[in-house]
Amino acid sequence: MKRILILLTLVIIGVAAFVLNGKSAETITLLDARAVPSAMNDKMFMVGLRIENSGPADRLIGVSSPSAMHLSVMNPASDTAALIIPQDSAGILAMDGAHIMLMPRAGSFDEGGFIPLDLEFENAGTVSVRVRNAGASTMDHSLENGIVQTPSPGLTIAWETPPTEQGATVRLSTENFTFIRTKDDAAHTPNHGHAHVYLNGLKLGRLYEPMFELGALAAGDYTLSIALNSNDHRPYVRDGQSVSAALEFTITP
């Protein structure tokens with residue numbers, strides 16, 4: 001009887017450890033991790049990947065790899081903003097938003113090869129993925145490669161449903177612009193395209209309609225920004241800036 005009680009105790013401890021340490025990690029899935037060489041430094045790579053979150057809002061807090069000499073998260077929108085993946089949503093580390101900069105160890109990352117990468121989340125803990133060296137990128141989202149159109153598209157955004165811990169809804173109002181869903185390799189059509197949505201600089205995805213549902217968020221300060229892009233993914237530009245709009249808000253505990 002004593003032996004049975006000991007076995008039952010060990011089983012309970014094991015289940016508790018799984019619930020505490022494994023359950024959260026299962027809410028985060030990392031997909032399509034790829035690296036492309038940096039145009040500024042041939043020893044550096046820009047890493048992008050898709051983060052799918054099937055649980056509550058979670059925050060990316062660090063990255064590491066045994067195959068890297070240097071590794072960091074870069075966020076052109078803000079060096080200090082928290083990178084949050086909303087509840088039951090996805091976030092995308094991408095070249096036109098927050099992304100990872102990687103310097104691999106010499107000779108360890110030829111084109112087509114893989115290296116391991118660990119992402120650490122506040123709730124889900126450490127989640128691992130393999131990053132593929134995809135070679136040179138075929139997309140350029142920079143303002144220098146943007147489209148100046150006449151007449152220029154215009155964009156304003158407003159809350160349809162104000163933000164709370166349960167989420168929010170944003171309505172887009174555009175001028176000289178038509179939303180259209182096309183193939184990734186579609187050619188530019190003047191004043192047509194889609195929108196890119198960012199939360200604190202983290203890309204949340206593409207938008208092909210004038211309404212966006214934002215998932216539930218943890219308490220904190222946020223900036224939701226939306227930019228208009230052409231069918232070929234280049235940004236529309238006016239007066240040297242992207243055709244975009246932003247809303248700042250705070251979720252209180």
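Predicted, not measured: the structure shown is a model, and the values here were computed from it. In what follows, residues are counted from 1 in the order of the sequence shown.
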Separation between CD (Glu111) and CG (Asn133), nearest 0.5 Å, reads 5.5 Å

Within-4.5 Å side-chain heavy-atom neighbours: Pro210 and Phe179:
yes

Decide yes or no on side-chain contact (heavy atoms from CB on, under 4.5 Å) for Leu172 and Phe177, but give the supporting numbers first. CA-CA 11 Å; Leu172 288 69; Phe177 185 80; over 6 Å; no

To the nearest 0.5 Å, atom CD of Glu248 lies from atom OH of Tyr222 at 14.0 Å

**Message:** Using only atom types and a distance under 3.5 Å, with no angle test, would you say the side chain of Ser65 pairs donor to acceptor with the backbone of Pro116?
**Reply:** yes

Between the CD1 atom in Ile61 and the CD atom in Glu120, the distance rounded to the nearest 0.5 Å is 4.0 Å

- Between Asp232 and Arg234, is the closest basic N to carboxylate O distance under 4.0 Å? yes

Can you check side-chain contact (heavy atoms from CB on, under 4.5 Å) on Ile115 and Leu102, steps first, answer last? CA-CA 11 Å; Ile115 62 173; Leu102 162 70; 3.3 Å; yes

Looking at Gln241, is its backbone amide N or carbonyl O close enough to the side chain of Asp239 to form a donor-acceptor pair, meaning the two atoms are under 3.5 Å apart? no

- Task: Indicate, with yes or no, if Tyr198 and Ile84 share a hydrophobic cluster defined by side-chain heavy-atom contacts under 4.5 Å among Ile, Leu, Val, Met, Phe, Trp and Tyr.
- Result: no

OG of Ser64 to CG of Leu117, rounded to nearest 0.5 Å, is 7.0 Å

* Is a side-chain N or O of Asn123 found less than 3.5 angstrom from the main chain of Pro56, in a donor-acceptor match? -> no

When every non-hydrogen atom of Ala219 is compared with those of Thr252, the smallest separation belongs to CB-C, 4.1 Å

**Asked** Checking Tyr236 side chain against Ser152 main chain: does a donor-acceptor pair fall under 3.5 Å?
**Response** no

Taking CE in Met211 as the centre, count heavy atoms belonging to other residues, nucleotides or ligands within less than 6.0 Å. Is the count above 12? yes

So CG of Asn200 and CG of Asp221: to nearest 0.5 Å the spacing works out to 8.5 Å

For this session: Spell out, as yes or no, whether a donor-acceptor pair under 3.5 Å connects the side chain of Arg105 to the backbone of Pro66.
Result: yes

If we ignore hydrogens and angles and just use 3.5 Å, is the side chain of Asn191 paired with the main-chain N or O of Thr178 as donor and acceptor? no

Within the side chain of His194, is there an N or O that forms a donor-acceptor pair under 3.5 Å with the backbone of Arg181?
no

| query | Is it true that Val36 and Met103 fall in one hydrophobic cluster, defined by side-chain heavy atoms closer than 4.5 Å? | reply | yes

Nearest heavy-atom approach of Ser128 to Asp118 is OG-OD1, 2.5 Å

The reported gap from NE2 in His196 to CG in Asn229 (rounded to nearest 0.5 angstrom) is 4.0 Å

Checklist entry - Is there side-chain contact between Ile51 and Leu119, with heavy atoms separated by less than 4.5 Å? => result yes

* To do: Please indicate whether Asn41 has more than 12 foreign heavy atoms, meaning atoms of other residues, nucleotides or ligands, lying under 6.0 Å from its CG.
  => yes

Of all heavy-atom pairs linking Ala35 and Phe109, the shortest is CB-CE2, 3.8 Å

Handout entry: Leu49 side chain reached by Asp32 side chain, heavy atoms, under 4.5 Å
Key = no

- Query: Heavy atoms, side chains only, cut-off 4.5 Å: are Gln149 and Arg238 in contact?
  - Reply: no

**Prompt:** With the 4.5 Å side-chain cut-off for hydrophobic clustering, are Leu214 and Ile92 part of the same group?
**Reply:** no

inquiry  = Using only atom types and a distance under 3.5 Å, with no angle test, would you say the side chain of His70 pairs donor to acceptor with the backbone of Ala68?
reply    = no

Taking every heavy atom of Leu228 against every heavy atom of Ala195, the minimum-distance pair comes out as CD2-CB, 4.2 Å

*asked:* Is any side-chain heavy atom of Met101 closer than 4.5 Å to one of Ser38?
replied: yes

I'd like to know if the side chain of Ser54 and the backbone of Thr27 have a donor-acceptor N/O pair within less than 3.5 Å. yes

Practice prompt. Taking the side chain as every heavy atom from C-beta outward, state whether Val197 and Leu199 have any pair of such atoms under 4.5 Å apart.
Written response: no

Shortest non-hydrogen pair, Thr164 vs Ile251, comes out as O-CD1, 3.4 Å

Notebook entry, point to check: Is there a donor in the side chain of Ser89 and an acceptor in the side chain of Asn53, or the other way round, less than 3.5 Å apart?
Noted result: no

Notebook entry, point to check: More than 12 foreign heavy atoms under 6.0 Å from CZ of Arg206: is that the case here?
Noted result: yes

Just by modelled atom types, is the Ser78 backbone N or O under 3.5 Å from a matching donor or acceptor in the Asn75 side chain? yes

Of His99, Met74, Arg34, Met40, the one forming a side-chain contact (heavy atoms from CB on, under 4.5 Å) with Met46 is His99

With a 4.5 Å heavy-atom cut-off, do Ile85 and Phe121 have their side chains touching? yes

Between Asn231 and His188, does the side-chain contact (heavy atoms from CB on, under 4.5 Å) criterion hold? Intermediate values first, please.
CA-CA 5 Å; Asn231 292 343; His188 168 60; 5.7 Å; no

task: Could you check if a side-chain atom of Pro235 sits within less than 4.5 angstrom of a side-chain atom of Asp96, using non-hydrogen atoms only?
output: no

